[in-house]
Amino acid sequence: MRPIQVGNLTLDGSRLFLIAGPCVIESYERTLMIGREIKKICERLGVQYIFKASFDKANRSSIKSFRGPGLEKGLEILAAIKKELQVPVLSDVHDVSQLEPASKVLDWLQIPAFLCRQTDLVYNAAKTGKAVNVKKGQFMAPEDMKNVLGKMQAAGNPNLSLTERGVSFGYHNLVVDMRSFPIMRQFGYPVIFDATHSVQLPGGMGTSTGGQREFIPYLARAAAAAGVDGFFMEVHDNPPEGLSDSTNMLYLSSLEDLLKDLIAIDNVVKGRNK
């Protein structure tokens with residue numbers, strides 16, 4: 001993979017990186033606490049860390065679902081967390097109008113899976129000059145993501161990445177095709193595995209999305225064996241209390257042991273133990 005620059009981090013494939021944090025900003029204090037604990041774990045294990053939390057969850061199942069603090073307040077909180085933790089920060093953008101204010105705070109702009117084909121959004125996100133991570137749509141073949149990269153390359157941005165988060169398989173179910181990792185890595189950019197959204201059951205609870213968090217370690221270890229460059233995980237100290245993705249966020253208490261497994265597998269796959 002070609003190296004990319006995300007804030008003060010150079011992601012060059014020499015070690016795993018982790019994008020992690022709660023699904024949505026719930027409060028400054030709790031969001032900061034989760035980020036601080038994840039940072040400590042990553043520092044102990046030598047994993048490069050990028051903080052993630054959404055200022056707005058624009059594709060919730062129900063009109064009554066919690067969406068977050070919104071653009072202005074959310075970016076204010078993310079800026080404060082970035083200053084406190086001294087790590088790069090990532091969040092989702094949903095509309096071209098959000099790009100200018102978001103790019104003043106965020107180091108990594110993320111395009112949600114359902115929006116990965118929106119040319120104006122993808123192109124103009126890359127045009128900001130910030131690193132851009134695009135989640136592969138649940139309806140997309142991995143080889144088709146080359147066209148998405150092409151839109152961003154046309155904007156002259158070299159700091160690009162793709163994320164696998166499962167593909168729709170019937171109603172309320174996602175599967176992860178491990179072939180997608182080597183296919184997308186052929187494009188030369190970092191490929192990330194979203195280990196928590198991949199165990200979602202979209203709309204599976206009627207007015208909300210369900211999930212099977214017990215399968216996170218299995219899919220994550222398989223993805224590490226397939227040679228991914230980094231991981232995306234939504235992490236919470238008490239997921240059942242979470243205001244979004246409560247059924248598929250990873251327990252903070254489970255993160256360190258899982259990362260140890262992923263590092264060990266990654267070292268074997270990439271020949272770092274020789």
Side-chain angles (χ1 to χ4, degrees), residues 11 15-24 34-35 37-39 41-42 45 47-54 57 90-92 108 110-113 116 133-138 140 142 145 161-169 173-185 190-202 204 209-237 239-240 242 244-267 269-270:
L11 308 179
R15 52 180 166 149
L16 283 179
F17 61 86
L18 176 68
I19 303 165
C23 177
V24 66
I34 294 170
E37 293 304 310
I38 297 173
K39 181 184 178 183
I41 291 169
C42 288
L45 300 180
V47 172
Q48 292 175 299
Y49 176 47
I50 301 94
F51 175 83
K52 181 270 170 186
S54 293
K57 302 298 291 185
L90 172 149
S91 195
D92 295 308
W108 211 346
Q110 182 162 274
I111 308 296
C116 71
N133 179 44
V134 182
K135 290 195 173 183
K136 181 174 75 65
Q138 299 91 327
M140 294 281 282
M145 294 302 289
S161 62
L162 298 175
T163 293
E164 171 62 64
R165 53 124 330 135
V167 64
S168 295
F169 187 77
N173 199 27
L174 298 171
V175 297
V176 179
D177 183 351
M178 293 294 157
R179 296 174 297 181
S180 70
F181 299 119
I183 290 171
M184 291 196 294
R185 288 190 87 244
V191 173
I192 301 159
F193 178 49
D194 182 343
T196 50
H197 285 107
S198 291
V199 299
Q200 280 184 334
L201 300 173
T209 288
Q212 297 174 309
R213 122 174 73 246
E214 66 271 22
F215 294 122
I216 293 171
Y218 299 97
L219 290 180
R221 289 192 291 257
V228 295
D229 303 294
F231 286 87
F232 176 106
M233 299 184 196
E234 290 184 335
V235 178
H236 199 283
D237 60 303
S244 178
D245 282 358
S246 61
T247 58
N248 58 271
M249 281 193 287
L250 183 72
Y251 276 92
L252 179 60
S253 59
S254 300
L255 179 62
E256 186 160 4
D257 284 344
L258 177 55
L259 283 178
K260 288 177 180 177
D261 287 348
L262 301 182
I263 292 167
I265 296 168
D266 184 65
N267 285 339
V269 169
K270 296 175 183 171

Spacing of [X] atom [atom1] and [Y] atom [atom2] [to the nearest 0.5 Å]:
| X | Y | atom1 | atom2 | result |
| --- | --- | --- | --- | --- |
| C42 | R15 | SG | CZ | 10.0 Å |
| Q48 | L11 | CD | CG | 5.0 Å |
| L16 | I263 | CG | CD1 | 6.5 Å |
| Q212 | Q200 | CD | CD | 11.0 Å |
| L258 | L18 | CG | CG | 9.5 Å |
| S91 | I19 | OG | CD1 | 11.5 Å |

What is the minimum heavy-atom distance between [X] and [Y], and which atoms define it?
| X | Y | result |
| --- | --- | --- |
| K136 | V167 | NZ-CB, 4.4 Å |
| S244 | V24 | CB-CG1, 3.8 Å |
| T247 | G211 | OG1-N, 2.9 Å |
| K135 | C116 | O-CB, 3.4 Å |
| S180 | E164 | OG-OE1, 2.8 Å |

Is there side-chain contact between [X] and [Y], with at least one heavy-atom pair below 4.5 Å?
| X | Y | result |
| --- | --- | --- |
| P142 | R179 | no |
| I41 | Y49 | no |
| M145 | I183 | no |

**Request:** Measure from the side-chain N and O atoms of R213 to the backbone N and O of M249, and report whether any donor-acceptor pair falls under 3.5 Å.
**Result:** yes
**Complete:** Hits for side-chain hydrogen bond (donor to acceptor under 3.5 Å, both in side chains) against S198, two or more places apart or cross-chain, chain-then-number order -> none
**Asked** Hey, are T196 and N248 close enough side-chain-wise for a donor-acceptor pair under 3.5 Å?
**Response**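 No - no donor-acceptor pair under 3.5 Å links their side chains.
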**Request:** Compute whether any side-chain donor of one residue and acceptor of the other, for S54 and D92, lie under 3.5 angstrom apart.
**Result:**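 There is such a pair between these side chains.
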**Prompt:** Under the side-chain hydrogen bond (donor to acceptor under 3.5 Å, both in side chains) criterion, do T163 and N133 qualify, and how do the steps go?
**Reply:** CA-CA 7 Å; T163 293; N133 179 44; 2.9 Å; yes
Can I get a per-line list of side-chain donor-acceptor pairs under 3.5 Å for residues 216-236, giving both atom names and the distance, sequence neighbours left out?
unit_1, atom_1, unit_2, atom_2, d
R221, NH1, D261, OD2, 3.4
D229, OD1, R185, NE, 3.4
D229, OD1, R185, NH2, 2.8
D229, OD2, R185, NE, 3.1
D229, OD2, V191, N, 2.8
E234, OE1, H197, NE2, 3.3
E234, OE2, K52, NZ, 2.6
H236, ND1, N238, N, 2.9
H236, ND1, N238, O, 3.1
H236, NE2, E26, OE1, 3.4
H236, NE2, E26, OE2, 3.1

**Request:** Begin from the C-alpha positions of I38 and F51 and carry the test side chain to side chain contact (heavy atoms under 4.5 Å, CB included) through to its verdict.
**Result:** CA-CA 9 Å; I38 297 173; F51 175 83; 5.9 Å; no
**Item:** Residues that F193 engages under ring-ring contact (aromatic ring centres under 6.0 Å, His included), provided they are two or more places apart
**Value:** F181
**side chain to side chain contact (heavy atoms under 4.5 Å, CB included) evaluation trace for N173 with L201** = CA-CA 5 Å; N173 199 27; L201 300 173; 3.8 Å; yes
